[in-house]
> 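Quick one: the structure is below, questions incoming.
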Amino acid sequence: MKNIIRKVIYYFEMEINFFYDYLRFKKHYGKLGKLKNSDQSSAWLLQDCHRIEKALTLPNPRRNFGRAVLERLIGNIHVHQNIAGKDKYYYFALSALELYKSYHLEQWGSLPDFYNELVSTIDKNDFIDLENKVDNRSFALLDHENVNFIDMCESRFSCRDYNLDKKVSSKLIEKAVRTSIKTPSVCNRQHWKIHIFEGDKLKELLALQNGNTGFGDKVPYLAVVTSNLNSFYAPIERYQQYVDGGMFSMSFIYSLHSLGVASCALNWSATVTADLKLHKLPYFEENESVVMFIAFGYPNDNASYALSTRKDLNEIINIH
Ligand SMILES: Cc1cc2nc3c(=O)[nH]c(=O)nc-3n(C[C@H](O)[C@H](O)[C@H](O)COP(=O)(O)O)c2cc1C
């Protein structure tokens, strides 16, 4: 009987994996009109605030733009307020409305009728003193100076031999994470989380991962990057978790490297069983999808590194 089950599982491996994804995504994504927690409602606020600020940075912003976005944003402000109260996302959304207003008044001297109608559902007092409640600088300048990114990329290698005695300070880890938060994400939803482990908890997690054989016991720190499925609004975003989460992970790896700390990405191309086991541990919310593990720490002085030769440029680039 066991053999038959094994064969069926093998035969339908693809379907089982996609079905599992489907069930997880369906359960957690933030469907408009059915938002049930603050992760979902704040993700909607963030993305619609972003649509407003983005529209204002276009070469020719359109007068009275965004009625549908404003309707949705204000609807979701109320939903969010009911779920989470007047937290920073609430005020952030209000500051986006203020931005819309001040830009219109400055540029065109008036606001569309729908603006006042929609905003009238929000307590006027909450607009007072907004700039002291949230940081919502609308525009920024680029700084291209002091960046030697190329050298940094060329000098990074995955490390599989760490010095277990040399501690990485929490301050440094926080600095690397802070930099990583600057990673771009879909409509600025920043749906990632990063969990840091040491000691027995690290061992427990590495035991579930299939690519650390031979060096897992030489890993002093482990980061697990996850993405919150509540932050997505439709099945077309099914894989956005991994795109943005992958980018965040890369930023973390480069940030660590820039601070002298080595790392090695570790896949979470996990079986359903491994993923279920991981979610049974007390460290992750059910709505979090694991993007990857990242081993990190100071390298051993005599550590050696795989060269991992790269393909030629012409195998990769296609200029059309
Ligand atoms: C998502 C991802 C998963 C990886 N998983 C593993 C892994 O499980 N075990 C491992 O030893 N290396 C893993 N690596 C590291 C790759 O082998 C390594 O990045 C590649 O060979 C290029 O070498 P470099 O990082 O030194 O430039 C992974 C890398 C990525 C990006």
Side-chain angles (χ1 to χ4, degrees), residues 17 21 24 148-164 168 176-177 179-180 183-186 191-198 201-229 238-279 281 283-284 288-313 315-317:
N17 277 277
D21 272 1
R24 282 181 48 71
N148 191 350
F149 187 65
I150 293 171
D151 284 352
M152 200 183 71
C153 294
E154 297 288 351
S155 62
R156 185 206 55 81
F157 291 93
S158 288
C159 175
R160 298 178 181 87
D161 185 2
Y162 298 91
N163 181 341
L164 291 176
V168 178
V177 173
T179 306
S180 311
T183 305
S185 64
V186 61
H191 46 83
W192 39 60
K193 282 238 164 11
I194 184 162
H195 302 258
I196 309 291
F197 298 94
E198 290 179 68
K201 292 176 184 168
L202 173 152
K203 284 190 191 130
E204 193 176 15
L205 283 155
L206 282 186
L208 297 174
Q209 199 271 342
N210 62 20
N212 65 87
T213 313
F215 69 96
D217 58 340
K218 285 268 181 219
V219 172
Y221 299 93
L222 183 72
V224 177
V225 177
T226 67
S227 166
N228 183 342
L229 289 175
R238 208 163 56 258
Y239 296 109
Q240 200 66 45
Q241 45 183 326
Y242 301 114
V243 176
D244 299 10
M247 291 173 64
F248 177 86
S249 303
M250 191 70 245
S251 295
F252 182 63
I253 288 170
Y254 277 139
S255 302
L256 288 176
H257 181 52
S258 76
L259 297 166
V261 175
S263 66
C264 181
L266 298 171
N267 78 82
W268 189 246
S269 303
T271 59
V272 172
T273 317
D275 201 64
L276 287 171
K277 275 189 186 162
L278 177 132
H279 276 98
L281 299 174
Y283 317 127
F284 308 97
E288 286 178 81
S289 289
V290 174
V291 175
M292 70 177 79
F293 287 12
I294 300 170
F296 67 94
Y298 290 104
N300 255 333
D301 287 341
N302 53 0
S304 61
Y305 299 86
L307 204 56
S308 298
T309 312
R310 296 306 202 261
K311 291 183 177 181
D312 288 336
L313 179 67
E315 291 179 86
I316 306 288
I317 195 169

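Whatever order the structure lists ligands and atoms in, that order sets their numbers, starting from 1. Predicted, not measured: the structure shown is a model, and the values here were computed from it.
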> Write out the residue and atom name of the closest protein heavy atom to atom 16 (C) of ligand 1, then the distance separating them to 0.1 Å.
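For atom 16 (C) of ligand 1, the nearest protein heavy atom comes out as R160 NH2, 3.9 Å.
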> Got an N/O contact under 3.5 Å between G211 and ligand 1?
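So ligand 1 has an N or O lying under 3.5 Å from an N or O of G211.
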> Considering both backbone and side-chain atoms of R156, is one of its nitrogen or oxygen atoms within less than 3.5 Å of a nitrogen or oxygen in ligand 1?
yes
> Assess whether side chain to side chain contact (heavy atoms under 4.5 Å, CB included) is satisfied between C159 and F215, documenting all intermediate values.
CA-CA 10 Å; C159 175; F215 69 96; over 6 Å; no
> Mark the output for M250 as yes if a heavy-atom distance to ligand 1 is under 4.0 Å, and as no if none is.
no
> Nearest heavy-atom pair of L266 and M292: which atoms, and what distance?
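Smallest heavy-atom distance, with atoms named: O-CB, 3.6 Å.
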> Measure across R156 and R310 and return the closest heavy-atom pair with its distance rounded to 0.1 Å.
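So the two residues come closest at NH2-NH2, 3.7 Å.
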> Say whether F215 and ligand 1 are in contact under the criterion: heavy-atom distance to a ligand atom below 4.0 Å.
yes
> Is any N or O atom of N212, backbone or side chain, closer than 3.5 Å to an N or O atom of ligand 1?
no
> List the atom of I196, the atom of A223, and the distance in Å for their closest heavy-atom pair.
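Smallest heavy-atom distance, with atoms named: CD1-CB, 3.9 Å.
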> State whether the number of non-hydrogen atoms from other residues, nucleotides or ligands found under 6.0 Å of D217 atom CG is greater than 12.
yes
> List the closest protein heavy-atom neighbour of atom 22 (C) of ligand 1: residue, atom name, distance to the nearest 0.1 Å.
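Among all protein heavy atoms, the one nearest atom 22 (C) of ligand 1 is R310 NH1, 3.5 Å.
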> Report, in ascending order of atom number, the atoms of ligand 1 lying under 4.0 Å from any heavy atom of Q209.
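Every atom of ligand 1 under 4.0 Å from some heavy atom of Q209: 8 (O).
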> Is the distance between the ring centroids of Y162 and Y221 less than 6.0 Å?
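No, they do not, as the ring centres are separated by 6.0 Å or more.
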> At their closest point, which heavy atom of A176 faces which heavy atom of L256, and how far apart are they?
CB-CD2, 3.8 Å
> Relative to the heavy atoms of N267, which atoms of ligand 1 are at a distance of less than 4.0 Å?
3 (C), 4 (C), 5 (N), 6 (C), 7 (C), 8 (O)
> Polar-atom distance check: M292 versus ligand 1, any N or O pair below 3.5 Å?
no
> Give the contacting part of C264 toward ligand 1: side chain, backbone, both or neither, where contact means a heavy-atom distance below 4.0 Å.
side chain
> Of all heavy-atom pairs between S180 and W192, which one has the smallest distance, and what is that distance?
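Minimum heavy-atom separation between S180 and W192: O-CZ2, 4.5 Å.
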> Suppose we measure from atom 31 (C) of ligand 1 to each protein heavy atom; which comes out shortest, and what is that distance?
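Of the protein heavy atoms, A265 CB, 4.0 Å lies nearest.
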> Please name the residue in the list H279, H195, K193 that meets the side-chain hydrogen bond (donor to acceptor under 3.5 Å, both in side chains) test with E288.
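Going through the options one by one, the only one that passes is H195.
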> In terms of residue, atom name and distance, what is the protein heavy atom nearest to atom 18 (C) of ligand 1?
S158 OG, 3.7 Å
> With a cut-off of 4.0 Å, which atoms of ligand 1 are near a heavy atom of S308?
21 (O), 22 (C), 23 (O)
